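Encoded as structure tokens, the structure appears first; notes follow it.
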Amino acid sequence: SRGRFAAGTAAALASIAVIKAPARAAQFAYKYASNVSIDHPLNVRMKECWTAVNRETNGALEVQIFPNNQLGGDTQALQQLRSGALQFFTLDGGILQSVVPVAAIQAVGFAFSDSRQAFGAMDGALGDYVRDAIRAAGLYVHPKMWENGMRQITSSSKPIRNAADLEGFKIRTPPGALWVDLFKSLGAAPAPLNFSEVYTALQTHVFDGQENPYAIIDVGRLYEVQKYLSVTNHMWSAFHFLGNADAWKALPPNVQASVERNVAKYALLQRRDTQLRNESLAEKLVRRGMTLNRADTSGFRTKLSSSGFYTRWKATFGEKAWSLLEKTSGKLA
Ligand code: X2X
């Protein structure tokens with residue numbers, strides 16, 4: 001099956017991605033995991049980042065990259081990060097929600113109209129608030145998030161032109177309560193699933209559709225199993241750079257400083273790479289056979305309001321976090 005092929009390819013690519021051991025044995029041999037394939041800008045830049053850290057620290061820290069959910073789906077990898085079996089991990093705030101509830105605030109529907117606006121909030125006071133909660137939950141978090149992008153809906157059965165087309169639509173969401181609630185509020189039939197299982201689930205028609213930024217539709221080859229690409233920009237998505245707190249504390253100050261400096265540097269490069277891809281990929285996906293339409297999302301917003309989506313999540317996240325969000329988004333609830 002294709003799933004098996006993908007896993008084999010990922011394993012082969014990952015062994016190429018292993019950073020060459022320096023002459024001196026590394027003092028710290030850590031693992032970094034992500035849910036995207038090695039050719040996504042997240043891993044391309046992460047590889048450069050760890051190479052730079054290794055060089056700067058004279059080989060003291062060597063980080064092996066595990067792309068494509070090689071160590072398990074996001075839910076499992078988060079478990080491994082918390083237990084210390086995994087040292088570094090990038091994870092969407094909407095999935096981190098199971099451990100840090102307020103982390104899903106980045107994913108509120110139609111709060112951000114583009115990535116620039118979203119990063120303005122998450123590099124600033126809203127992000128600081130979320131990162132305090134992540135630290136309080138016992139994890140290391142870097143101040144700079146890594147880009148995923150504005151999310152669009154794909155489907156094998158029909159284009160999504162407006163809110164009515166979502167009625168009863170079987171859609172996969174990432175494993176996060178806000179995601180599921182958002183699509184329930186829109187009248188769809190959502191179910192959560194780790195990204196590692198999405199291709200096969202779409203291929204076997206367990207779901208009619210899913211939603212992701214262009215770059216993920218591309219590197220995940222979702223165009224092979226999805227016909228329609230409906231531009232909705234319904235939500236923004238980005239990854240926190242997380243670490244196991246004990247593994248982080250074990251690193252000497254000069255190594256920590258090198259990680260912090262390089263993660264900041266390469267996160268900014270990765271944002272630019274990913275944004276360029278997201279801006280230019282629509283045409284390529286159409287050439288690959290997808291049919292593109294721009295959805296009328298005015299009805300989406302009306303439904304989210306009338307179903308109580310915004311008031312529910314305001315109550316969950318709290319007044320303080322919500323007011324920080326609304327400073328950027330304008331009044332939502
Ligand atoms: O699981 C997804 O759809 C992905 C890759 O976009 C996230 O990490 C949220």
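Not measured: the values here are computed from a predicted model. Counting starts at 1 for both ligands and their atoms, in listed order.
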>> Would you call the rings of His142 and Tyr140 parallel, tilted or perpendicular, taking 30° and 60° as the class edges?
In response: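 Correct class here is perpendicular.
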
>> Does anything in residues 288-308 form a salt bridge (charged side-chain N to carboxylate O under 4.0 Å, His left out)? List the pairs, not counting sequence neighbours.
In response: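 For residues 288-308, and leaving out neighbouring residues, the salt bridge (charged side-chain N to carboxylate O under 4.0 Å, His left out) pairs sorted by first residue read Glu167-Lys303, Asp218-Arg288.
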
> Can you list every pair that meets salt bridge (charged side-chain N to carboxylate O under 4.0 Å, His left out) and has a residue in residues 183-202, with sequence neighbours left out?
Replying inline: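 Every candidate salt bridge (charged side-chain N to carboxylate O under 4.0 Å, His left out) pair involving residues 183-202 fails, so no pair, neighbours aside, qualifies.
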
>> Distance alone, cut at 3.5 Å: any donor-acceptor contact between the side chains of Asn293 and Ser230?
In response: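 Indeed, the side chains of Asn293 and Ser230 share at least one donor-acceptor pair under 3.5 Å.
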
> For residues Trp179 and Gln97, is any side-chain donor paired with an opposing acceptor at under 3.5 Å?
Replying inline: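 Distance-only check fails for Trp179 and Gln97.
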
Check residues 122-130 and write down every donor-acceptor pair under 3.5 Å in which the side-chain atom is one partner and the other belongs to a residue at least two apart or another chain.
{"from": "Asp123", "atom 1": "OD1", "to": "Arg271", "atom 2": "NH2", "distance (Å)": "2.9"}
{"from": "Asp123", "atom 1": "OD2", "to": "Arg271", "atom 2": "NH1", "distance (Å)": "2.9"}
{"from": "Asp128", "atom 1": "OD1", "to": "Arg131", "atom 2": "NH2", "distance (Å)": "3.0"}

Can you list every pair where an N/O of ligand 1 is under 3.5 Å from an N/O on the protein?
{"from": "ligand 1", "atom 1": "1 (O)", "to": "Arg172", "atom 2": "NH2", "distance (Å)": "2.9"}
{"from": "ligand 1", "atom 1": "3 (O)", "to": "Arg151", "atom 2": "NH2", "distance (Å)": "3.0"}
{"from": "ligand 1", "atom 1": "3 (O)", "to": "Arg172", "atom 2": "NH1", "distance (Å)": "2.7"}
{"from": "ligand 1", "atom 1": "3 (O)", "to": "Asn212", "atom 2": "OD1", "distance (Å)": "3.2"}
{"from": "ligand 1", "atom 1": "3 (O)", "to": "Asn212", "atom 2": "ND2", "distance (Å)": "2.9"}
{"from": "ligand 1", "atom 1": "6 (O)", "to": "Asn148", "atom 2": "ND2", "distance (Å)": "2.9"}
{"from": "ligand 1", "atom 1": "6 (O)", "to": "Arg151", "atom 2": "NH1", "distance (Å)": "2.9"}
{"from": "ligand 1", "atom 1": "6 (O)", "to": "Arg151", "atom 2": "NH2", "distance (Å)": "3.4"}
{"from": "ligand 1", "atom 1": "6 (O)", "to": "Asn212", "atom 2": "OD1", "distance (Å)": "2.5"}
{"from": "ligand 1", "atom 1": "8 (O)", "to": "Asn35", "atom 2": "ND2", "distance (Å)": "2.7"}

